[in-house]
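So the structure is just underneath, and the comments pick up after that.
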Amino acid sequence: MSLRVSTICPLTGDCGLRIVNGETRCGNAMMRDYDMIESEMALDIVMQSVQLLAPQTLRTFDALDLILAQEVFAQEDLPPFPCSSKDGFAVIASDTANPRRLIGEQTAGYIADLQVEPGTCARITTGAPLPPGADAVIMVEYTQEADGQVTMQRAVTAGADVRPVGQDIATGQRVLQAGTRIGPQEIGLLVSLGFTSVTAYPRPRVAVLSTGNEIVEPDTQPQPGQIRDSNRYTLMAAIERCGAEPVSLGIGTDRRDELTAKVKAGLSTCDALITSGGVSMGELDLIKPILETEGTVHFGRVNMKPGKPLTYATLDGKPVFALPGFPVSSLVSFEVFVRPALLRMGGHHLVLRPRVPVTLADTLPGDAERPEFHRVSLTREEGKFMAHSTGMQSSARLLSMVGANALLTLPKQDKPFAAGETAMAILLDHPESEPYPPSWVPSVH
Ligand code: AMP
Ligand code: MG
């Protein structure tokens with residue numbers, strides 16, 4: 001084999017053109033052989049390298065599904081004044097007079113000028129402050145009112161149907177821990193105590209770039225040899241679904257200078273970058289060499305099906321996921337590697353979806369070399385999950401993902417997996433319930 005280095009390349013520009021066995025080859029295809037690593041190791045490398053984003057203070061109402069980065073202590077009591085929990089009459093519980101004279105009414109929202117004394121009562125509504133003198137409320141259902149007199153049909157004990165100051169929350173009490181995922185109830189709790197802003201980990205901003213000379217916008221009619229860009233839209237939707245913010249970088253053609261510029265532009269404004277395509281072994285697969293030049297490639301091949309050429313790099317400390325071009329490969333790699341990483345960056349502790357044992361409904365072919373993420377739809381039968389294959393598992397066939405609610409994790413095996421056997425499955429429609437490292441495998445460290 002002869003090797004000649006030139007600086008002008010008709011394909012990609014300044015790459016270090018070479019001639020191999022008399023054939024001219026673009027120097028960018030001169031990929032070094034990346035070690036094939038197992039997917040557990042790949043996930044470990046990703047999860048070790050990603051950093052939490054710096055917490056930000058934002059409006060409480062905008063913090064839904066973010067992770068709280070502060071502890072929250074109540075600065076006031078709730079309720080802030082003793083108030084009635086029923087509609088009825090404010091009374092002195094030990095008063096034995098019956099009927100009692102009605103001296104006025106206290107509805108919610110202000111303080112009436114009333115003093116309840118023995119032999120009297122005041123009409124009161126739910127949420128209204130208990131008038132001075134009174135120590136209990138008797139429900140309207142147990143009373144009869146006529147001519148300014150109220151007859152009580154039951155006795156009450158002091159404190160009945162009164163919510164005392166601080167009953168729900170006392171000043172100084174810790175009401176939320178750092179690391180809590182902010183849901184509707186946390187938003188309500190915060191604003192009820194007057195916290196209209198809160199410090200939380202922000203949503204990671206994630207740039208998404210499609211690559212390939214054949215890729216065109218979906219709203220254009222593809223010319224012969226072209227195909228519509230589906231990956232960018234799939235990935236942006238997946239990013240959105242995991243609570244991060246997608247930023248489209250459009251489509252980059254297979255030119256080194258153009259792709260390099262887009263990669264740098266994306267990372268200058270975003271926390272992470274996802275590319276798709278351009279990581280296989282072709283001459284125009286330029287992403288790996290670009291990432292090598294601009295940053296550090298941590299792995300370039302993963303022993304999995306689909307998704308083998310998955311590449312992970314860091315540039316200026318920011319993660320770059322170079323996903324394979326085939327639509328299923330890119331989405332499965334997103335699910336297995338990118339989603340947990342983005343969640344971690346956003347402060348999440350639970351970053352892995354649940355895995356459960358399932359029973360195979362079909363006999364599935366084994367792969368002697370690569371473990372497979374086989375797309376299935378699960379049904380529940382007699383308390384067991386039955387896994388039904390979504391059919392042909394080609395990495396180009398997005399239909400194998402449509403209708404899939406789980407990924408079977410099949411180990412490599414040189415014979416078929418028989419119907420009725422048990423396998424593990426990742427539940428795709430279930431929220432993350434496991435930390436990293438997960439409890440189901442020991443850490444590789
Ligand atoms: P590559 O990894 O660039 O060799 O691409 C592998 C396969 O995925 C090729 O058939 C591409 O045409 C296809 N592909 C790459 N990018 C996209 C995309 N954004 N949307 C749909 N298919 C794509
Ligand atoms: Mg390509």
Side-chain angles (χ1 to χ4, degrees), residues 9-13 15 25-31 33-34 36 42 206-240 246-263 266 273-292 297 299-313 320-338 370 373 375 392-402:
C9 168
L11 287 172
T12 58
C15 69
R25 303 282 297 269
C26 167
N28 287 323
M30 230 167 54
M31 213 104 59
D33 275 344
Y34 288 91
M36 178 90 92
V206 187
V208 187
L209 174 66
S210 288
T211 74
N213 290 335
E214 77 281 30
I215 309 299
V216 295
E217 285 291 349
D219 58 0
T220 61
Q221 183 57 46
Q223 299 303 304
Q226 297 183 328
I227 58 160
R228 294 193 183 90
D229 182 3
S230 65
N231 288 347
R232 189 158 39 103
Y233 294 90
T234 312
L235 293 168
M236 293 205 310
I239 289 166
E240 187 127 15
V247 177
S248 174
L249 296 180
I251 300 165
T253 57
D254 294 317
R255 288 188 49 86
R256 188 166 180 149
D257 49 357
E258 180 184 340
L259 292 178
T260 303
K262 284 196 186 301
V263 163
L273 168 68
I274 302 177
T275 64
S276 72
V279 285
S280 329
M281 301 299 278
E283 296 194 337
L284 292 181
D285 288 323
L286 302 170
I287 294 292
K288 279 180 168 113
I290 289 173
L291 296 177
E292 286 274 0
V297 174
F299 57 82
R301 281 200 303 167
V302 181
N303 193 24
M304 62 188 275
K305 187 171 135 182
K308 185 170 77 171
L310 171 68
T311 298
Y312 177 65
V320 180
F321 300 90
L323 309 186
F326 281 117
V328 180
S329 312
S330 66
L331 186 52
V332 168
S333 336
F334 179 93
E335 180 56 46
V336 178
F337 302 98
V338 186
R370 284 188 288 158
F373 291 91
R375 284 78 74 196
M392 210 238 300
Q393 298 284 301
S394 145
S395 36
R397 186 173 169 261
L398 211 40
L399 269 181
S400 72
M401 253 338 243
V402 172

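Counting starts at 1 for both ligands and their atoms, in listed order.
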If I take atom [atom1] from residue [X] and atom [atom2] from residue [Y], how far apart are they, to the nearest 0.5 angstrom?
X	Y	atom1	atom2	value
L398	S330	CG	OG	8.0 Å
R375	R397	CZ	CZ	8.5 Å
Q393	M401	CD	CE	10.0 Å

Please tabulate protein-ligand N/O pairs under 3.5 Å for ligand 1, atom names and distances to 0.1 Å.
{"unit_1": "ligand 1", "atom_1": "2 (O)", "unit_2": "G278", "atom_2": "N", "d": "3.4"}
{"unit_1": "ligand 1", "atom_1": "2 (O)", "unit_2": "S280", "atom_2": "OG", "d": "3.1"}
{"unit_1": "ligand 1", "atom_1": "2 (O)", "unit_2": "G325", "atom_2": "N", "d": "3.3"}
{"unit_1": "ligand 1", "atom_1": "3 (O)", "unit_2": "G278", "atom_2": "N", "d": "2.8"}
{"unit_1": "ligand 1", "atom_1": "4 (O)", "unit_2": "S280", "atom_2": "OG", "d": "3.2"}
{"unit_1": "ligand 1", "atom_1": "8 (O)", "unit_2": "G325", "atom_2": "O", "d": "3.2"}
{"unit_1": "ligand 1", "atom_1": "8 (O)", "unit_2": "F326", "atom_2": "N", "d": "3.2"}
{"unit_1": "ligand 1", "atom_1": "12 (O)", "unit_2": "E214", "atom_2": "OE2", "d": "2.6"}
{"unit_1": "ligand 1", "atom_1": "14 (N)", "unit_2": "G325", "atom_2": "O", "d": "3.2"}
{"unit_1": "ligand 1", "atom_1": "19 (N)", "unit_2": "S210", "atom_2": "OG", "d": "3.4"}
{"unit_1": "ligand 1", "atom_1": "19 (N)", "unit_2": "D229", "atom_2": "OD1", "d": "2.8"}
{"unit_1": "ligand 1", "atom_1": "19 (N)", "unit_2": "N231", "atom_2": "ND2", "d": "3.4"}
{"unit_1": "ligand 1", "atom_1": "20 (N)", "unit_2": "S230", "atom_2": "N", "d": "3.1"}
{"unit_1": "ligand 1", "atom_1": "20 (N)", "unit_2": "N231", "atom_2": "N", "d": "3.3"}

Taking side-chain hydrogen bond (donor to acceptor under 3.5 Å, both in side chains) as the test, write out the residues that go with T211, two or more places apart. none
Taking C-beta and beyond as the side chain, do I251 and S210 meet within less than 4.5 Å on heavy atoms?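 Touching, per the 4.5 Å side-chain cut-off.
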So which atom in Y233 and which in D229 form the shortest heavy-atom distance, rounded to 0.1 Å? CD1-O, 3.5 Å
